Trainee: 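Quick one: structure below, then a few questions.
If you're wondering where the values come from, they're calculated on a predicted model, not measured in any experiment. All chains are named by letter (A, B, ...) in the order of the sequence lines, taking the proteins before the strands, and each is independently numbered beginning at 1.
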Amino acid sequence: MSRKTERTAVKKKKTVQTVICALLVLVLAGSVFMGMNYRGRTAQLRMENEKATAEAQAALDEAKAAYNQVDPNSLEGSENQLAQDRQLVDAAKEKAAEMEAELGSLDEEIARLQSEVETKEADEEISYYLTVYNAWLDGMTKVEAYLNEDR
Amino acid sequence: MKIVNWILAALAAAGVIFCAVTAVSYYTFPAEDYTRQISDLETETEQVKADTDALERQLAERAEEIKEDLSRAGDEGARVQEEIARLDGEIASRRETAAALQERVDMLDNIYENTLALREEYAGKIRQLEEKIVAGESDAKICYWTFDDGPTYVTNSFLEAAAQYGAYVTFFTSREANSSDYDDTEETERGILRAEAMGGHSIQNHTYSHQYEIYGNVYGKGIDSFREMVEQQDQWVYDSTGFKPGIFRFPGGSAWAFAKLPKEEMLAVLDELGYVWVDWSCDIFDNSVANPDGYTAYNTAMYEIRTMNIAMILSHDWNAATLFAFQRAVPQLQEQGYLFLPLFPESWCIGNTKILFS
């Protein structure tokens, strides 16, 4: 082989190597670029999702905090007051019932006593002495009126 | 060059691998997991919010119910308290009524004892008034209008007149003094005596027989007969009325009686039998032989009494003229301020039956 051919072959070889080199550099740069691009996009994607997740969690925590703030026993005082009031009313009703019963007993007692008074006043001897009593009482009242006057 | 190329090739390969890895990690990024998780969180958040709303709503409803129940309980409580107050008042009133009725029953059960107790109190009050009059501490005047010898057929008319004027009088009674024209059976006379008592009048002792004109029974047969006549009348009045007399009036007056029997013996008998005795301060002479008409008896009464603050009139309830005098004199004397009262043994007049000048 001649030197020209040899030089051409060497030149060709260098060109090929250069091209290969350039291609490799290209591939490297491209892959690095794309790799970084994917990496960035992945990170952003992760960041966005995690942010959304955190926000959702925060919203849940906030909702739970709001739920916990609601005191289911807040009406306990009022319930107790209502129970007390009802107890008082029931006790008062019971007392009223007892009083009604006592009133009934008193009415019976009064009827019995009235009957007894009527029976006694109808008795001849009692009626006689009662008349004497009332007459003397009338006379004594007149005397007392004179005694009490400054005359 | 070869070395550079190999280095470049290695770097390129590494670059490709790096790109492939990052591409894989990008395309295999678990976005669905995140989405699912976020969705779960949002769902749970909505549930929690719903639970919170439900709880708040429940509490608000319950609070409203409690408020209404409290209001209802308050109204009902007020109504029941009003009812209790009403019942309290009624019970108090009923108790008062029952107590008053029981008092009435007790009073009626012991009516006799109560009447005797009242008589004592009444006599005491009269005595107080008499003492005030005697001491000049009262302008009041008292007239003791007494009737001897009854009861008779006229007595009921005197009782009616006395009731008409609100006057109380004294009867010195004698069972056998009047063998009158009327039915003087025991039943009739007992009825008149009881009517005298029911009228609030005083019933006293004038002996059972009053046969003073011969003093055969009362005085003539001695002190024992006198005692018997007093005791018999005492028993007769007590049996008829339930009240024992305590004042004795001598038939014909004490002067007449003391002339017939020893004064000390008669007074001893009276004292033993629990009696005091009395005469009078004013005689209307309706028992005189002349037997005056009603006007004369009336005029005598009005004249005799005019100077007396405490007067005791002697009359007789068997005389219709006396009834006329009584009916006219009583209202006029009441206008002059006289109080017509029954005579009791506690009276100041016992032992002092003299004229009291005003």
Trainee: Distance under 6.0 Å and angle within 45° of the ring axis: does B:R194 meet both against A:Y128?
Mentor: yes

Trainee: Under 4.5 Å from any heavy atom of chain B, what part of A:E144 do you find: side chain, backbone, both or neither?
Mentor: side chain

Trainee: Counting heavy-atom pairs under 4.5 Å with chain A, which one of B:I126, B:D109, B:V21 comes out on top?
Mentor: B:D109

Trainee: I need the residue from B:F29, B:Y27, B:Y112, B:F340 with the largest number of non-hydrogen atom pairs under 4.5 Å to chain A.
Mentor: B:F29

Trainee: Name the region of A:Q69, side chain, backbone, both or neither, that has any atom closer than 4.5 Å to a heavy atom of chain B.
Mentor: neither

Trainee: Where does A:E55 contact chain B at under 4.5 Å (heavy atoms): side chain, backbone, both or neither?
Mentor: neither

Trainee: Give, as side chain, backbone, both or neither, the part of A:S74 having an atom under 4.5 angstrom from any heavy atom of chain B.
Mentor: side chain

Trainee: Please flag which part of A:Q81 lies under 4.5 Å from any non-hydrogen atom of chain B: side chain, backbone, both or neither.
Mentor: both

Trainee: Using heavy-atom distances under 4.5 Å, tell me whether A:L130 contacts chain B through its side chain, its backbone, both, or neither.
Mentor: both

Trainee: Which atoms of A:E102 come close to chain B, meaning under 4.5 Å heavy atom to heavy atom: side chain ones, backbone ones, both, or neither?
Mentor: side chain

Trainee: Based on non-hydrogen pairs under 4.5 Å, which of B:V80, B:L55, B:L87 is most in contact with chain A?
Mentor: B:L87

Trainee: Could you tell me whether the side chain of B:R104 reaches within less than 4.5 Å of the side chain of A:E121, counting heavy atoms only?
Mentor: yes

Trainee: At what distance, to the nearest 0.5 angstrom, does CD of B:E131 lie from CG of A:L147?
Mentor: 10.5 Å

Trainee: Name all residues meeting the side-chain contact (heavy atoms from CB on, under 4.5 Å) criterion together with A:I20; count only those two or more places apart in sequence or in a different chain, and write none if there are none.
Mentor: A:V16, A:L24

Trainee: Does any backbone or side-chain atom of A:L137 lie under 4.5 Å from a heavy atom of chain B? Answer side chain, backbone, both or neither.
Mentor: both

Trainee: If you count heavy-atom pairs within less than 4.5 Å of chain A, which of B:K132, B:E56, B:R95 leads?
Mentor: B:R95

Trainee: What I'd like to find out is whether the side chain of A:Q57 reaches to under 4.5 Å of the side chain of B:I38, using heavy atoms alone.
Mentor: no

Trainee: Is the A:Y38 ring parallel, tilted or perpendicular to the B:Y26 ring (thresholds 30°, 60°)?
Mentor: tilted

Trainee: Measuring heavy-atom distances to chain B, does A:D138 have an atom under 4.5 Å in its side chain, in its backbone, in both, or in neither?
Mentor: both

Trainee: Under a 4.5 Å heavy-atom cut-off, does chain B meet the side chain of A:R112, its backbone, both or neither?
Mentor: side chain

